[in-house]
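The structure appears below as structure tokens.
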Amino acid sequence: MLRTHTCGELRADAVGQEVTLCGWVDTTRDHGGAVFVDLRDRYGKTQVVAAPESGADVVEAFKKLHSEDVIQVRGKVAHRPQGTVNPKLATGEIELRVTEVRTLNQCTSPPFTPTQIDLPSEDLRLRYRYLDLRRPAMQQTLLLRSRIIKTMRDYFAEHDFIDIETPILGRSTPEGARDYLVPSRIHHGKFYALPQSPQLYKQILMVAGFDRYVQVARCFRDEDLRADRQPEFTQLDMEMSFVEADDVLAVIDGLVARLAKEILGVDVSTPLPRMTYDEAMRRFGHDAPDLRFDMEIVDCTDLARRADFRVFRSVAEGGGHVRGLRAPGAASQYSRKKIDELTEYVQQDFGAKGLVWFRVEPDGTLWAPVAKNFQAELLAEIAQRMEAEPGDLLLFIADSWDVTCKALYGLRKRLGAELKLYDPQTLHCSWVVEFPMFEYDDEEQRWVAMHHPFTAPRPQDIEKLQSDPGACRAQAYDLVINGSEAGGGTIRIHDPRLQQQVFDLLGIDEASARDRFGFLLDALRYGAPPHGGIALGIDRFVMLFGGLDNIRDCIAFPKTQRATDLMTGAPGIVDPRQLAELAIEVTDFEDDETDEAS
RNA sequence: GGGGCCGUAGCUCAAUUGGUUAGAGUACUGGACUGUCGAUCCAGUGGUUGCGGGUUCGAGUCCCGUCGGCCUCGCCA
């Protein structure tokens, strides 16, 4: 070992000890006769001092040190002189009086340093990820991630789950996200697909009798990125046999409570609250509502039908919906200009035709530019329905059910943050259950699975598979934390006939089902136990537990929004011989002359 | 594929309505200093304003295109 201690562990009780430390030069303070260096490693910082008694050569060497040089220092731990203790530093009571210094490696002038006050732009951070990862905040996040994963693994191990790995090179399955493909060298024209999740394998493991499976699984989806979405991400994937939905939920309830306790020191009472999908859409316009604050959607379609105001009446009479939100005390904070911004927001992002708003006056009446188009009694009824208080702002969307959901969800999220309706520190975990089995895809003119095609319908809804697919509810559940989908799962179909029935509805005929999922259908015939499970988004757990607003900060080496790695240059062009071996011809090269990986 | 924000010194930012030599802090270089901890003080180096084109007497500023980063809709569970 090149060191006897880390830079974070020496305290007053070590005074007098001869120690050796290694680390990075964080900052230097050169006073001429004495030079102070804060030496940093992932455990902390320790002040190391070169003074005349260290010897002239040590002082000279210290004067030449630069940010991020890697050094080894030997010396005696000493109390700091009175009045020079640094309470901001865990090691601030002591310092190391250096007698020997050795530069292990020099650092050329870095584009930024881990301790600089203003964070550099994100592209620089990504390009020099090793420098960014030296920042204590990043190190803490990766430590948090490690602890979360360990807690999860411990929990499942204690509950008799077996950790089993599943292939990365798999077979492309239709439905769901776009696959990342890997060409086969041996079978020209054929491709492996990277897993979107280990879904089918874990079902097969249930058939194989591993009645409790768990895996920390890397998953890949070739779709456009977001602040909380990366092309490769990590799931805590689990599956259980001989269970019903409640059993899976109970296991995860226990895990969430354990994580909250061990990681955050917070008590979460279980079982976690549950809400059906229909209720979530009705009250919050979204299947992952942020329940840290109220502000529920209020339906005023019936009142709108009686309005003189043509926009409201025509939408209501035409089968649309008029729903609104009450933004408490927001009237004074939202100028006409800011309301115009909200209008633009709902139009641009959600395709709403407009935003109708009212200000609640001190006497409780509603005022708006369009108020004159309403009968006074009706305005009073609307105010009453909305439980309006003076100073509130009422916002309405008159549109299709779908658009009112999306737009009001967006408004609620935005207003909740802007009006500070919740404490960002709090953690709210809940379940949304009984998702629809199917959604109708207008473009493709067919039903598609909302979750995946192996999801079991609720027993009482099986007959609706034929008669009314849209009303059929699934044994599906999502774990929602602070308005974010943190995980989702289902009870699976274990009956091959029911599975084929679902395939039929999805337009997957028996032949193509055989072709694509024959192995699963076969397996279901060889004694498949009833089973179900869930997958939790580990990156999102880290994000939520760490109070972070972006998934890249939760991943050591993330991709940019355009799915590139600024450090390695991936994806890069490959040698034509590699393509020839794979019998692949590129017909449309990206115009890219700055490819540094080539 | 659509909408939006951003790109100026190594880094973080400023630059009035389009106006003359593009500034500050920090980093860096040299010097002073034995108790600092975002050390301090003195001096100095450092710019293709992302790139290309256009408008103009004049462009960091306006317009068009393009590259890159971020947010978002579609997409994705």
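As the structure is a prediction and not an experimental result, all values here were calculated from the model. A note on names: the letters A, B, ... follow the listed sequences, proteins ahead of strands, and every chain is numbered from 1.
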What does [X] touch in the nucleic acid at a heavy-atom separation under 4.0 angstrom: a base, only the sugar-phosphate, or nothing?
| X | result |
| --- | --- |
| A/His452 | nothing |
| A/Lys45 | nothing |
| A/Pro120 | sugar-phosphate |
| A/Thr115 | nothing |
| A/Leu89 | nothing |

Side-chain N,O (A/Arg29) to OP1/OP2 (B/rU36) below 4.0 Å: no
Short side-chain N/O contact to B/rU12 OP1/OP2 from A/Ser121, under 4.0 Å: yes
Salt-bridge contact [X]-[Y] (side-chain N to carboxylate O under 4.0 Å):
| X | Y | answer |
| --- | --- | --- |
| A/Arg458 | A/Glu434 | yes |
| A/Glu95 | A/Arg97 | yes |
| A/Arg221 | A/Glu232 | no |

With a 3.5 angstrom cut-off on both distances, give the Watson-Crick or G-U wobble partner of [N], or none if there isn't one.
| N | answer |
| --- | --- |
| B/rG30 | B/rC42 |
| B/rG68 | B/rC6 |
| B/rG74 | none |
| B/rG47 | none |
| B/rU55 | none |
| B/rA14 | none |

[atom1] spacing across the pair [N] / [M], given as an integer number of angstrom:
| N | M | atom1 | value |
| --- | --- | --- | --- |
| B/rC11 | B/rG47 | C1' | 14 Å |
| B/rA32 | B/rA9 | C1' | 27 Å |
| B/rG52 | B/rC41 | C1' | 47 Å |
| B/rU20 | B/rC57 | C1' | 13 Å |
| B/rG25 | B/rG46 | C1' | 15 Å |
| B/rG19 | B/rC75 | C1' | 48 Å |
| B/rG23 | B/rU16 | P | 13 Å |
| B/rG65 | B/rG2 | P | 11 Å |

Ring centers of A/Phe454, A/His452 separated by less than 6.0 Å: yes
Ring centroid separation A/Phe350 to A/Tyr409 under 6.0 Å: no
How long is the line joining [atom1] of [X] and [atom2] of [N], in whole Å?
| X | N | atom1 | atom2 | result |
| --- | --- | --- | --- | --- |
| A/Arg40 | B/rG38 | CZ | P | 15 Å |
| A/Arg127 | B/rG50 | CZ | P | 17 Å |
| A/Lys88 | B/rU36 | NZ | P | 13 Å |
| A/Asp26 | B/rA27 | CG | P | 13 Å |
| A/Arg97 | B/rU36 | CZ | P | 14 Å |
| A/Gln347 | B/rG2 | CD | C1' | 15 Å |
| A/Glu95 | B/rG35 | CD | C1' | 8 Å |
| A/Asp118 | B/rA24 | CG | P | 18 Å |

pi-stack flag for A/Phe112 and B/rC11, centroid dist under 5.5 Å, interplanar under 30°: no
Face-to-face contact A/His31 to B/rA39 six-ring, under 5.5 Å, under 30°: yes
Nucleotide-resolved protein contact map, nucleotides 68-77 of chain B, B/S/- at heavy-atom distance under 4.0 Å: SSBBBBBBBB
Parallel, tilted or perpendicular, judged at 30° and 60°: which one describes the rings of [X] and [Y]?
| X | Y | answer |
| --- | --- | --- |
| A/Tyr277 | A/Phe435 | tilted |
| A/Tyr130 | A/Tyr128 | perpendicular |
| A/Trp447 | A/Phe438 | perpendicular |

5′-ward residue of the pair A/Gln82/A/Ile117 relative to RNA chain B: A/Gln82
First of A/Pro111 and A/Gln47 reached from the 5' end of RNA chain B, by closest nucleotide: A/Pro111
Any N/O donor-acceptor pair, A/Gln116 side-chain to B/rG38 base, under 3.5 Å: no
Distance-only donor-acceptor test, A/Arg80 side-chain atoms vs B/rU36 base atoms, 3.5 Å: yes
Distance, nearest 0.5 Å, that separates CD of A/Gln230 from CD of A/Gln561: 10.0 Å
Within 45° cone and under 6.0 Å: A/Arg323 NZ/CZ vs A/Trp401 ring: yes
